[in-house]
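Numbering starts at 1 and runs along the sequence shown. Please read all numbers here as calculations on a predicted model, not as lab measurements.
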Amino acid sequence: MKHFQEELEDLKNLLLQMGGLVESAIYRSVAAVVEKDTDQAKLVLENEAQINQMEIAIDEVATRLLALQQPMATDLRFITAAIKINNDLERMGDLAVNIAERALFLVHEPAIRPHIDIPQMATLAESMVRKSLDAFVRGDAELARSVLLSDDAVDDLRDSTYE
């Protein structure tokens, strides 16, 4: 049986791996829209199952740790945060799928205007995923706060796009 700290490390690594998949899905889905690239959109759709399977695996590891190890204080907070992050990452993967599906729908439609804000929003979102996971893994509150500033920038770009 693995040592508790090794299992926590495994949980952390699974989250990082899932974060990488989600980051890739975001990148590919936006590339599919901007470049009208059906191959990128199809890759996002194909990789959705892997993200969903990882969500289940992470939930199982976290639940097992909670049930069998009865963690206290910092470890309990870590596992609880991991469960929440896992859920958010899976949701981001679903949103990337929605974008990819829309890209497939729009591929034969003329572009309405240059897609300047969309790639910039995607770049910020990918960076937010990476920074959020880094902040979580390292326990870096300052890095986590910087993600909040990026969120405001994404919101501003979204609002200007709608206008």
Side-chain angles (χ1 to χ4, degrees), residues 4-35 37 40-41 43-45 47-63 65-66 71-103 114-163:
F4 179 61
Q5 291 303 319
E6 289 174 350
E7 290 181 294
L8 288 176
E9 190 67 27
D10 288 346
L11 179 60
K12 183 189 321 179
N13 289 332
L14 283 170
L15 275 172
L16 291 173
Q17 184 180 355
M18 185 175 179
L21 290 173
V22 169
E23 192 178 341
S24 175
I26 293 168
Y27 173 82
R28 290 175 193 271
S29 66
V30 171
V33 170
V34 173
E35 299 167 14
D37 186 338
Q40 293 283 16
L43 276 172
V44 172
L45 300 178
N47 292 334
E48 177 188 22
Q50 188 176 5
I51 291 171
N52 291 340
Q53 289 170 349
M54 288 204 70
E55 180 198 22
I56 292 166
I58 290 168
D59 265 350
E60 287 174 355
V61 170
T63 302
L65 286 170
L66 288 172
M72 302 291 287
T74 303
D75 294 332
L76 180 60
R77 286 190 296 274
F78 177 86
I79 295 168
T80 303
I83 291 169
K84 291 182 178 197
I85 290 168
N86 184 39
N87 186 302
D88 288 341
L89 286 173
E90 194 278 332
R91 178 74 179 125
M92 285 185 258
D94 287 346
L95 292 171
V97 166
N98 294 346
I99 294 168
E101 288 171 343
R102 183 56 52 189
H115 301 285
I116 297 168
D117 292 342
I118 294 172
Q120 188 175 358
M121 279 191 290
T123 299
L124 284 171
E126 292 166 33
S127 174
M128 289 170 65
V129 170
R130 193 175 324 106
K131 284 181 180 180
S132 295
L133 289 170
D134 286 348
F136 172 69
V137 167
R138 291 190 262 168
D140 187 337
E142 193 59 39
L143 184 57
R145 278 190 278 283
S146 76
V147 174
L148 297 175
L149 297 174
S150 296
D151 185 52
D152 291 341
V154 171
D155 290 346
D156 291 343
L157 286 169
R158 180 205 59 218
D159 293 345
S160 70
T161 300
Y162 281 125
E163 289 174 13

- Item | Matching residue for I58 among I83, L11, L89 - test: side-chain contact (heavy atoms from CB on, under 4.5 Å) | L11

- Item | Option passing side-chain contact (heavy atoms from CB on, under 4.5 Å) with V22 (candidates E90, R91, M92) | M92

Can you find a pair of side-chain heavy atoms, one from [X] and one from [Y], that are under 4.5 Å apart?
X	Y	result
I56	D59	no
L124	L157	yes
S29	V97	no
L8	L65	yes
Q5	D75	yes
T80	L76	yes

Under the side-chain hydrogen bond (donor to acceptor under 3.5 Å, both in side chains) test, residues paired with [X] that sit two or more places apart:
X	answer
N87	none
K12	E9
R77	T74
S132	none

- Any residue meeting side chain to side chain contact (heavy atoms under 4.5 Å, CB included) with A122, in chain and number order, not counting sequence neighbours: I26, V30, E126

- Rounded to the nearest 0.5 Å, what separation is found between the CD atom of E55 and the CG atom of L15? 11.0 Å

- Query: Between CE of M54 and CD of Q17, what distance do you get to the nearest 0.5 Å?
  - Reply: 3.5 Å

- Query: Please walk me through it: do L14 and V61 pass side chain to side chain contact (heavy atoms under 4.5 Å, CB included)?
  - Reply: CA-CA 9 Å; L14 283 170; V61 170; 4.0 Å; yes

- Test V137 against D134 for side chain to side chain contact (heavy atoms under 4.5 Å, CB included), laying out the working first. CA-CA 5 Å; V137 167; D134 286 348; 5.8 Å; no

- Counting N and O atoms only, with roles assigned by atom type, does the side chain of S24 sit under 3.5 Å from a partner on the main chain of G20, one being a donor and the other an acceptor? no

- Any donor-acceptor N/O pair, T63 side chain to E60 backbone, under 3.5 Å: no

- Report the residues that fulfil salt bridge (Lys or Arg N to Asp or Glu O under 4.0 Å) with E48, sequence neighbours left out, ordered by chain and then residue number. none

If every non-hydrogen atom of [X] is compared with every non-hydrogen atom of [Y], which pair is closest and at what distance?
X	Y	value
M128	V154	SD-CG2, 3.9 Å
A82	F136	N-CZ, 3.9 Å
V34	P119	CG2-CG, 3.8 Å
P71	I79	CG-CD1, 3.7 Å
A25	I51	CB-CD1, 4.3 Å

- Query: Does the pair R102 and I99 meet the rule for a side chain to side chain contact (heavy atoms under 4.5 Å, CB included), with working shown?
  - Reply: CA-CA 5 Å; R102 183 56 52 189; I99 294 168; 5.6 Å; no

